[in-house]
**Q** 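Dropping the structure in here first, questions after.
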Amino acid sequence: MKPAQTKDAGQRLRDRIDVKPRFSESDAIRLNNMFRGTETADMVRTVIKEGLVGDLAIVSSFGAESAVLLHMIASVDPTLPVLFLDTQKHFPETVAYRDTLVERLGLTNLVMLSPDSSELAAQDANGLRWSYDPDGCCEIRKVRPLAKALLEFDGSITGRKGFQSATRQGLPRFEIDTSDAQGRFKINPLASWTKPMLDAYFAEHDLPRHPLESQGYPSIGCAPCTSRVAPGEDPRSGRWKGWDKTECGIHSDVTPLPGADDDNGANDPVF
């Protein structure tokens, strides 16, 4: 970002750093309108090939449905950075599935994001923070490492879908990340996709499924905080079961369960 120069009353030049955000809500509205009715794969191809939002990375958990979006990305640019949060709490099956997809799809730029070792030592030395402060655990192992990594990019691509939970209904394809002042784009290509659409894509392209999906895990996060889901339940109801928590924090702030009153910060990370 180049500094702008201004003159004061004495005609002396001085530097002024331009802190204007990269993008604004109007940019997100424009792109949502531009791609209304466009097939998802075509939208992804155009955004990446034409650099419509600058430098991009995809954030992937290599979870139950991740192969669909990763396949689309690999078909356009297999060198696009794929950011994976190595929380050190993943199921072994997820780590193996990650390696399988990377090889199968020809992804060449997997970026491993790990929590800061000094923060772990000071705030989660025994590795059990998830059991009494899941938001704090997510903050250390997910939110902070991702926020640091995204400073290098103008936008990120996510695999969120509107059907996954009540907090994701009405999700737009393009939005602005409000977690900082950068004005970074957040792109949700699969926002309007349904489970049958995802299943059809898996079948059409012969993509491997996550090994835990058939065991009752439609949404897969860290092992200590992910439970099986009964038929008919919200796909994400197995995440942080028993807690007033629906998101890890990388896509939204701590959110109460649907219909619950604001908890006034009672569920915020405790440090």
Side-chain angles (χ1 to χ4, degrees), residues 23-54 56-77 80 82-83 101 105 153-179 184-207 209-210 213 217-221 229 231-239 246-253 255 257-259:
F23 303 104
S24 66
E25 287 295 337
S26 61
D27 294 308
I29 293 171
R30 178 178 58 82
L31 288 179
N32 278 315
N33 289 334
M34 179 187 300
F35 289 104
R36 182 177 287 116
T38 304
E39 291 292 331
T40 303
D42 293 336
M43 184 204 80
V44 169
R45 183 179 303 107
T46 301
V47 168
I48 295 176
K49 287 296 187 182
E50 297 187 11
L52 296 184
V53 298
L56 272 174
I58 176 173
V59 181
S60 181
S61 65
F62 288 86
E65 299 150 350
S66 297
V68 171
L69 187 55
L70 288 170
H71 179 270
M72 286 187 190
I73 298 296
S75 299
V76 178
D77 182 6
L80 195 79
V82 179
L83 309 184
L101 284 182
L105 302 178
F153 300 98
D154 299 306
S156 64
I157 302 173
T158 87
R160 291 183 298 166
K161 278 79 65 177
F163 78 86
Q164 289 176 316
S165 68
T167 58
R168 295 185 175 187
Q169 291 177 3
L171 191 68
R173 279 179 162 182
F174 297 89
E175 59 182 334
I176 302 300
D177 185 350
T178 59
S179 62
R184 187 178 299 105
F185 254 112
K186 185 175 287 186
I187 307 172
N188 312 299
L190 306 181
S192 63
W193 279 48
T194 63
K195 187 65 166 63
M197 292 170 67
L198 293 165
D199 291 339
Y201 193 98
F202 267 97
E204 179 183 357
H205 299 281
D206 192 27
L207 297 174
R209 310 296 298 230
H210 193 296
E213 188 178 8
Y217 294 88
S219 180
I220 303 161
V229 172
E233 285 187 318
D234 185 313
R236 286 178 61 84
S237 64
R239 305 289 292 276
T246 59
E247 297 282 352
C248 67
I250 65 173
H251 294 306
S252 65
D253 294 331
T255 51
L257 292 173

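All of these numbers come straight from a predicted model, not from anything done at the bench.
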**Q** Looking only at heavy atoms, what is the nearest atom pair of Val68 and Phe202, with distance?
**A** CG2-CE1, 3.6 Å

**Q** Tell me the closest heavy-atom pair linking Val59 and Ser156, and the distance in Å.
**A** CG2-CB, 4.1 Å

**Q** Working to the nearest 0.5 angstrom, can you tell me the gap between Leu52 CG and Thr46 OG1?
**A** 7.0 Å

**Q** Looking at Ala28, is its backbone amide N or carbonyl O close enough to the side chain of Asn32 to form a donor-acceptor pair, meaning the two atoms are under 3.5 Å apart?
**A**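 Side chain of Asn32 to backbone of Ala28, a donor-acceptor pair under 3.5 Å: yes, one is there.
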
**Q** Which pair of heavy atoms, one from Asp154 and one from Val53, lies closest together, and at what distance?
**A** CB-O, 3.0 Å

**Q** Looking at Pro172, is its backbone amide N or carbonyl O close enough to the side chain of Asn188 to form a donor-acceptor pair, meaning the two atoms are under 3.5 Å apart?
**A** yes

**Q** Check whether any side-chain heavy atom of Leu80 sits under 4.5 Å from a side-chain heavy atom of Ile157, and report yes or no.
**A**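 Yes - at least one pair of side-chain heavy atoms lies under 4.5 Å apart.
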
**Q** Distance check, rounded to the nearest 0.5 Å: Arg36 atom CZ versus Thr38 atom OG1?
**A**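 Those atoms lie 10.0 Å apart.
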
**Q** Out of Lys161, Arg209, Arg160, which one pairs with Glu65 under the salt bridge (Lys or Arg N to Asp or Glu O under 4.0 Å) rule?
**A** Lys161

**Q** Which is it for Glu175 and Arg184 under the salt bridge (charged side-chain N to carboxylate O under 4.0 Å, His left out) test, yes or no, and what are the steps along the way?
**A** CA-CA 9 Å; Glu175 59 182 334; Arg184 187 178 299 105; over 6 Å; no

**Q** For a quick test of reading the model, state the closest non-hydrogen atom pair linking Pro189 to Val44 and the distance between them.
**A** CB-CG2, 3.9 Å

**Q** Mind running side-chain contact (heavy atoms from CB on, under 4.5 Å) on Leu31 and Phe185 for me, showing each step along the way?
**A** CA-CA 11 Å; Leu31 288 179; Phe185 254 112; 3.5 Å; yes

**Q** Run the numbers on Asn33 and Arg30 for side-chain hydrogen bond (donor to acceptor under 3.5 Å, both in side chains), then give the verdict.
**A** CA-CA 5 Å; Asn33 289 334; Arg30 178 178 58 82; over 6 Å; no

**Q** Does His71 form a ring pair (Phe, Tyr, Trp, His ring centres under 6.0 Å) with Tyr201? I'd like the steps, not just the answer.
**A** CA-CA 10 Å; His71 179 270; Tyr201 193 98; 5.5 Å; yes

**Q** Run the side-chain contact (heavy atoms from CB on, under 4.5 Å) check on Ile48 and Ile73 step by step: do they pass?
**A** CA-CA 9 Å; Ile48 295 176; Ile73 298 296; 3.8 Å; yes

**Q** Considering only heavy atoms from C-beta outward, does the side chain of Leu69 approach that of Thr40 to under 4.5 Å?
**A**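 A side-chain contact under 4.5 Å is absent here.
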
**Q** So how far is it from Trp193 CH2 to Asp199 CG, rounded to the nearest 0.5 Å?
**A** 10.5 Å

**Q** Looking at Glu39, is its backbone amide N or carbonyl O close enough to the side chain of Asp42 to form a donor-acceptor pair, meaning the two atoms are under 3.5 Å apart?
**A**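 No; zero donor-acceptor contacts below 3.5 Å.
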
**Q** Using atom types as modelled and distance alone, determine if a side-chain donor or acceptor of Arg173 lies under 3.5 Å from a backbone N or O of Ala191.
**A**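 The answer is no, because no donor-acceptor pair under 3.5 Å joins these two groups.
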
**Q** Let me confirm one number: the CD1-CE distance from Ile29 to Met34, rounded to the nearest 0.5 Å.
**A** 13.0 Å

**Q** Would you compute the distance between atom CG of Leu190 and atom CG of Leu198 and round it to the nearest 0.5 angstrom?
**A** 6.5 Å

**Q** Please walk me through it: do Thr158 and Ile187 pass side-chain contact (heavy atoms from CB on, under 4.5 Å)?
**A** CA-CA 6 Å; Thr158 87; Ile187 307 172; over 6 Å; no

**Q** Working note: Phe62 + Ile220, criterion side-chain contact (heavy atoms from CB on, under 4.5 Å); need CA distance, chi angles, decisive distance, verdict.
**A** CA-CA 9 Å; Phe62 288 86; Ile220 303 161; over 6 Å; no

**Q** Yes or no on salt bridge (charged side-chain N to carboxylate O under 4.0 Å, His left out) for Lys195 and Glu213, after CA distance, side-chain angles and deciding distance?
**A** CA-CA 13 Å; Lys195 187 65 166 63; Glu213 188 178 8; 3.7 Å; yes

**Q** Would you confirm whether the ring centroid of Phe174 sits within less than 6.0 angstrom of the ring centroid of Phe35?
**A** yes

**Q** Quick one: closest heavy-atom pair of Leu70 and Ser60, and the distance?
**A**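 Shortest heavy-atom separation between Leu70 and Ser60 comes out as CD1-OG, 3.6 Å.
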
